[in-house]
Amino acid sequence: MADNLSEALKTLKLSSADSVEGCLDCLLKALAHNNVETSEKIQEMGVLAMMPALLSAQNSCTPKVANIIAEVAKNEFMRSPCVEAGLIPPLVQLLNSKDQEILLQTGRALGNICYDSHSLQAQLIIMGVIPTLVRLLGVHSQNTALTEMCLIAFGNLAELESSKEQFASTNIAEELVRLFRKQVEHEKREMIFEVLAPLAENDVIKLQLVDAGLVECLLEVVAQTVDSDRDEDVAQLKTASDLMVLLLLGDESMQKLFEGGKGSVFQRVLSWVPSNNHQLQLAGALAIANFARNDGNCIHMVDTGIVQKLLELLDRHVEEGNVTVQHAALSALRNLAIPVVNKSKMLLAGVSDVVLKFLKSEMPPVQFKLLGTLRMLIDTQADAAEQLGTNAKLVERLVEWCDAKDHAGVMGESNRLLSALIRHSKSKDVVQTVIQGGGVKHLVTMATSEHMIMQNEALVALGLIAALNLDCAEKDFVAANLVQVLHKLLKDEHSAPEIKYNSMILICSIMGSEPLHKEVQSLAFIDVVSSLRSHENKTVAHQASLTEQRLTAQS
């Protein structure tokens with residue numbers, strides 16, 4: 001075999017067209033017998049350099065030449081030599097051939113050379129292979145091997161961001177949906193799914209897929225697989241329902257499927273929520289969270305009783321619950337609670353009671369959504385804020401989570417909810433509960449946050465604590481160095497006007513406490529405050545004058 005191979009390689013280098021075919025057959029046989037060794041020989045003998053000319057000739061040998069390149073490029077060490085030999089441009093050119101065998105072997109060769117190389121794949125995209133391959137998929141959809149070659153290529157190229165625009169300018173959505181409808185085999189469907197998932201991350205393509213009827217295909221897959229416990233059906237159900245949720249992440253595609261809340265797709269997805277299948281419950285809840293991305297949709301959904309469905313779902317997952325389902329259902333409730341008109345309706349429906357059942361959760365994603373849902377619900381709702389703010393168990397848990405340094409999201413949301421309970425209730429009882437629960441120090445720390453909105457929320461809450469129960473909070477204010485924090489905020493030229501304003505309001509509020517008053521005097525606040533009288537913001541300048549008068553009168 002080795003002698004034959006050497007002979008064939010030598011002959012190929014010297015050969016006339018007639019003897020080429022026999023040499024190529026010999027090479028293919030050798031590659032099939034020992035690919036690595038043969039590939040090394042091919043490289044040593046410098047045969048790759050002849051390949052561009054052989055490819056450009058386009059004759060009966062062309063499929064064999066492309067096949068040899070495809071086989072050689074299975075080896076990682078041969079891919080760079082293939083590129084250096086200039087094989088990519090003539091191979092790309094061959095994608096315009098009408099010969100199906102040439103197309104198949106060319107596709108394999110390009111796929112193997114560019115395997116795992118983003119830079120080479122990007123080069124193919126620049127050379128325009130995407131529209132060419134999409135066209136091939138349409139023309140040769142009866143050829144299974146060619147179809148698979150196109151799908152594998154799409155799967156690799158679609159991972160690159162630079163490909164999305166090119167795909168969007170083709171009719172890839174129609175072609176893939178048409179192909180999907182014809183497939184009954186699980187493996188083939190999986191191949192199409194693997195292309196659809198990365199493509200559906202692009203908003204333009206999302207809409208094209210919806211228009212092409214992908215959603216109906218996905219709903220059919222769900223209906224076919226929902227009652228099966230075969231592994232491949234379970235996998236297909238997950239892929240189809242996940243893809244459905246992905247399509248809803250685009251604003252236009254989501255609104256198109258919502259159809260004012262009357263869309264058949266929207267109704268079908270709702271029916272997933274009470275299902276006994278965890279994957280469908282999850283997808284249904286995530287879909288509602290996505291539909292709830294604008295106020296109109298949220299108001300319509302709350303008015304048509306979706307909250308009850310979500311609460312029943314959450315109740316099923318309190319004990320030994322599925323964390324992903326809990327997280328998704330809480331996400332949906334949080335989004336639904338954003339419009340002001342929904343808050344009181346959701347509170348009446350008992351949302352806060354069900355959400356509180358998850359206080360014992362040790363899962364940060366669930367904790368995060370639980371906190372966000374409660375914060376949205378009590379915004380502008382004084383009674384609800386008072387009821388929750390006097391719940392010692394809730395406040396105790398919030399204070400604990402305010403220390404969750406490993407989970408910045410949970411920590412931030414706990415602080416914000418603690419502050420919101422005080423700000424929206426303006427209740428002395430809530431202030432008392434927060435002081436007793438040890439929450440004051442966290443609100444002082446929150447005033448030093450890098451996020452201006454959180455600083456402001458903290459200062460307003462601290463101002464209310466000082467105004468409603470300074471005697472009780474005094475010790476905590478001193479221990480948390482509140483006066484030093486305020487001094488720093490006022491001196492910092494980067495502090496926003498509202499931060500400076502609320503800091504001065506808070507200084508005036510704490511002057512009634514002897515130890516705090518002493519600290520204010522020792523830090524020469526008058527100098528800092530008087531410098532703010534010329535602040536460009538008139539409200540800040542005016543408050544600086546008032547604060548200076550107060551400090552002067554009490555010094």
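The first residue in the sequence is number 1, and the count goes up from there.
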Using a 4.5 Å cut-off on heavy atoms from C-beta on, say whether the side chain of L417 contacts that of W401. no
Which class fits the ring pair F154 and F167: parallel under 30°, tilted 30 to 60°, perpendicular over 60°? perpendicular
Evaluate Q279 against S241 for side-chain hydrogen bond (donor to acceptor under 3.5 Å, both in side chains), listing each step before the verdict. CA-CA 8 Å; Q279 176 58 34; S241 53; 2.9 Å; yes
For the CG atom on D231, are there more than 12 heavy atoms of other groups (residues, nucleotides or ligands in this structure) within a distance under 6.0 Å? no
Tell me, do L443 and L459 make a side-chain contact under 4.5 Å, heavy atoms counted? no
Using the side chain to side chain contact (heavy atoms under 4.5 Å, CB included) rule, pick out the option among V215, V222, V221 that qualifies with L219. V215
Smallest separation among heavy atoms of G155 and V195, with atom names: N-CG2, 3.8 Å
Could you go through L196 and I192, starting from their C-alpha distance and side-chain angles, then the distance that decides it, and tell me whether this counts as side-chain contact (heavy atoms from CB on, under 4.5 Å)? CA-CA 6 Å; L196 287 168; I192 300 171; 3.8 Å; yes
Nearest atoms (heavy-atom pairs only) where S253 meets V210: CB-CG2, 3.8 Å
Is it the case that over 12 heavy atoms from other parts of the model lie below 6.0 angstrom from the CD atom of E232? yes
Provide the closest heavy-atom pair for I88 versus C114 in the form atom of the first, atom of the second, distance. CD1-SG, 4.2 Å
Distance, nearest 0.5 Å, that separates CG of N290 from CZ of F258: 12.5 Å
Is there side-chain contact between L330 and L310, with heavy atoms separated by less than 4.5 Å? no
Heavy atoms of other groups near Q93 CD, more than 12 under 6.0 Å: no
Working for side-chain contact (heavy atoms from CB on, under 4.5 Å), residues V318 and F358: CA-CA 7 Å; V318 175; F358 294 89; 3.7 Å; yes
So is R189 actually on top of F180's ring, under 6.0 Å and inside 45° of the axis? yes
Could you tell me the separation between the OG1 atom of T147 and the CE atom of M149, rounded to the nearest 0.5 Å? 9.0 Å
Which is it for E319 and K360 under the salt bridge (Lys or Arg N to Asp or Glu O under 4.0 Å) test, yes or no, and what are the steps along the way? CA-CA 10 Å; E319 298 302 326; K360 57 187 177 186; 3.3 Å; yes
Is it true that E252 and K206 have a side-chain N and a carboxylate O under 4.0 angstrom from each other? no
Apply side-chain hydrogen bond (donor to acceptor under 3.5 Å, both in side chains) to N171 and R178, showing your working. CA-CA 11 Å; N171 63 337; R178 191 169 54 77; over 6 Å; no
Is it the case that N391 and R397 place a side-chain donor and acceptor less than 3.5 Å from each other? no
Short N-O contact, K256 and E259, less than 4.0 angstrom: no
Show the numbers, then the answer: is there a side-chain contact (heavy atoms from CB on, under 4.5 Å) between N297 and M254? CA-CA 10 Å; N297 293 5; M254 178 269 285; 3.4 Å; yes
Verify the neighbour count for atom NE2 of H278: are there more than 12 heavy atoms of other residues, nucleotides or ligands below 6.0 Å? yes
For the atom pair CD1 (I125) and CD1 (I130), what is the distance rounded to the nearest 0.5 Å? 4.5 Å
Judged by modelled atom types alone, do S427 and E386 share a side-chain donor-acceptor pair under 3.5 Å? yes
Nearest 0.5 Å, please: how far is OG in S163 from CG in L124? 11.5 Å
For residues Q281 and S275, is any side-chain donor paired with an opposing acceptor at under 3.5 Å? no
Heavy-atom neighbours of E161 CD exceed 12 at 6.0 Å: no
What I want to check is whether the side chains of Q100 and N143 have a donor and an acceptor closer together than 3.5 Å. yes
Aromatic ring proximity H327/H317, centre distance under 6.0 Å: no
For Q166, I'd like to know if atom CD has over 12 heavy atoms of other residues, nucleotides or ligands within 6.0 Å. yes
Could you verify whether a donor N or O on one side chain and an acceptor N or O on the other, from N415 and E457, lie under 3.5 Å apart? no
Spacing of E413 atom CD and K369 atom NZ [to the nearest 0.5 Å]: 8.5 Å
Short side-chain to backbone donor-acceptor contact, K343 and I338, under 3.5 Å: yes
For L371 and S414, work out which heavy atoms get closest and say how close. CD1-OG, 3.4 Å
From L336, N342, N335, residue fulfilling side chain to side chain contact (heavy atoms under 4.5 Å, CB included) relative to P339: N342
Quick check: are there more than 12 heavy atoms from other residues, nucleotides or ligands sitting under 6.0 Å from NZ of K182? yes
One should read off an interatomic distance between I69 CD1 and L110 CG, to the nearest 0.5 angstrom, of 9.0 Å
When you compare the side chain of N294 with that of Q255, does any pair of heavy atoms fall below 4.5 Å? yes
Run the side-chain contact (heavy atoms from CB on, under 4.5 Å) check on E174 and Q208 step by step: do they pass? CA-CA 8 Å; E174 289 164 42; Q208 290 173 353; over 6 Å; no
Checking side-chain polar atoms at under 3.5 Å, does D233 have a donor or acceptor matched by the opposite partner on S228? yes
Can you see which heavy atom on F193 is nearest to which on L218, and at what distance? CE2-CD2, 3.6 Å
Less than 3.5 Å apart, any donor N or O on the side chain of H424 or Q381 sitting next to an acceptor on the other? no
K188/E148 ion pair, N-O < 4.0 Å: yes
For salt bridge (Lys or Arg N to Asp or Glu O under 4.0 Å), just list the numbers for D303 and K345, CA-CA rounded to whole Å, side-chain angles, deciding distance to a tenth of an Å, and then say yes or no. CA-CA 9 Å; D303 287 345; K345 292 173 188 171; 3.0 Å; yes
Distance-only polar pair, side chains of N322 and T324, donor-acceptor under 3.5 Å: yes
Measure the shortest side-chain to side-chain distance between L237 and Q224 over non-hydrogen atoms and say whether it is less than 4.5 angstrom. no
Would you tell me whether E101 and Q105 have side-chain atoms, one donor and one acceptor, within less than 3.5 Å of each other? yes
Nearest heavy-atom approach of A392 to T433 is CA-CG2, 4.1 Å
